[in-house]
Amino acid sequence: MVPSFLLSVLNRLFGNEAWRRLHAQAAFWVTLVMIAVLLGGAALVVVAESGAPHANITSYPRALWWSIETATTVGYGDFYPVTLWGRIIASFLMLSAITAFGVITAALATWFVGRAEQDVIRVGKAVGNYAREDAEALRSELHTLHTRFDHVENLIRDKGSHSPS
């Protein structure tokens, strides 16, 4: 069962125009390629290590576990290649994983920054609208006060001109 937070993130990431953006597509394709590298690397390392003295990656399930722990840089040390070709495959797996995690992290960071930027723009527009509304209300109130003062001045002037001298 997938946690609701992860579903929410995936829905936001792939459920709208964000999917059409390059960074979202890059994260998706890099993830698929990385899965293929993990599966392929596991298969290749079994072939490379088969028959080698002291080899401990002797089956596909062990190789798959080794490829996952190697790619995630956990490296428990329970399984490791002992042949030159096994170590070359391991090196390729490590470099691929580091690159993949970098691309995926950058893609997610870009997505989160983009969402935050949209929120800032939305808040800025709302603040601008409130400021405009307040300015309009203030302008209207000022106009009303000017009209009243003009009326009071006219009353005082009229009263002064009608008084006996």
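A donor atom on one side chain and an acceptor atom on the other are found under 3.5 Å apart for Trp65 and Asp78.
Minimum heavy-atom separation, Ala52 to Thr83: CB-CG2, 3.4 Å. Across every non-hydrogen atom of Pro81 and Gly86, the tightest pair is CB-C, 3.5 Å. Nearest heavy-atom pair across Glu69 and Phe79 is OE2-O, 3.9 Å. Residues Ala63 and Val45 share a closest heavy-atom pair of CB-CG1, 3.7 Å. Between Met34 and Ala71 the shortest heavy-atom distance is CE-CB, 4.1 Å. When all heavy atoms are compared, the tightest approach of Ser50 to Val47 is OG-O, 3.0 Å.
Going from atom NE2 of His143 over to atom CG of Leu138 covers 13.5 Å, rounded to the nearest 0.5 Å. Once rounded to the nearest 0.5 Å, the distance linking CD1 of Ile68 with CG of Leu93 reads 10.0 Å. One finds the CE atom of Met94 at 10.0 Å from the CZ atom of Arg87 (value rounded to the nearest 0.5 Å). For the atom pair Arg122 CZ and Glu117 CD, the distance stands at 11.5 Å (nearest 0.5 Å). Taken to the nearest 0.5 Å, the CZ atom of Arg148 stands 14.5 Å off from the CD atom of Glu153. Atom OG1 of Thr70 and atom CG of Leu38 lie 9.5 Å apart (nearest 0.5 Å).
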Worked check of side-chain contact (heavy atoms from CB on, under 4.5 Å) between Lys159 and Leu155: CA-CA 6 Å; Lys159 191 168 187 165; Leu155 285 175; over 6 Å; no

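Cluster membership check: Tyr76 shares its hydrophobic cluster with Ile57, using side-chain heavy-atom separations under 4.5 Å among Ile, Leu, Val, Met, Phe, Trp and Tyr. Under a hydrophobic-cluster definition in which Ile, Leu, Val, Met, Phe, Trp and Tyr are linked whenever side-chain heavy atoms come within less than 4.5 Å, directly or via other members, Val127 and Val120 are assigned to different clusters. Ile156 and Leu145 fall into different hydrophobic clusters, defined by Ile, Leu, Val, Met, Phe, Trp and Tyr side-chain heavy atoms under 4.5 Å apart, directly or through other members. In the hydrophobic cluster analysis, where Ile, Leu, Val, Met, Phe, Trp and Tyr join through side-chain heavy atoms closer than 4.5 angstrom, Tyr80 is grouped apart from Leu84. Linking ILVMFWY residues whenever their side-chain heavy atoms come closer than 4.5 Å, directly or via other members, places Val33 and Leu44 in the same cluster.
In Phe92, the CZ atom is not crowded: 12 or fewer heavy atoms of neighbouring residues, nucleotides or ligands sit closer than 6.0 Å.
Panel note: side chain Thr105, backbone Gly102; no donor-acceptor pair is recorded below 3.5 Å. Looking only at distances, no side-chain donor or acceptor of Glu49 sits under 3.5 Å from a matching main-chain atom of Asn56. Between the side chain of Tyr60 and the main chain of Leu39, a donor-acceptor pair closer than 3.5 Å is present. A donor-acceptor pair is defined here as one N or O able to donate and one able to accept, closer than 3.5 Å; such a pair exists between the side chain of Ser67 and the backbone of Leu64.
Side-chain contact check for Lys125 versus Ile121: some heavy-atom pair is nearer than 4.5 Å. Proximity of Val46 to Thr58: side-chain heavy atoms (C-beta onward) are nowhere separated by under 4.5 Å.
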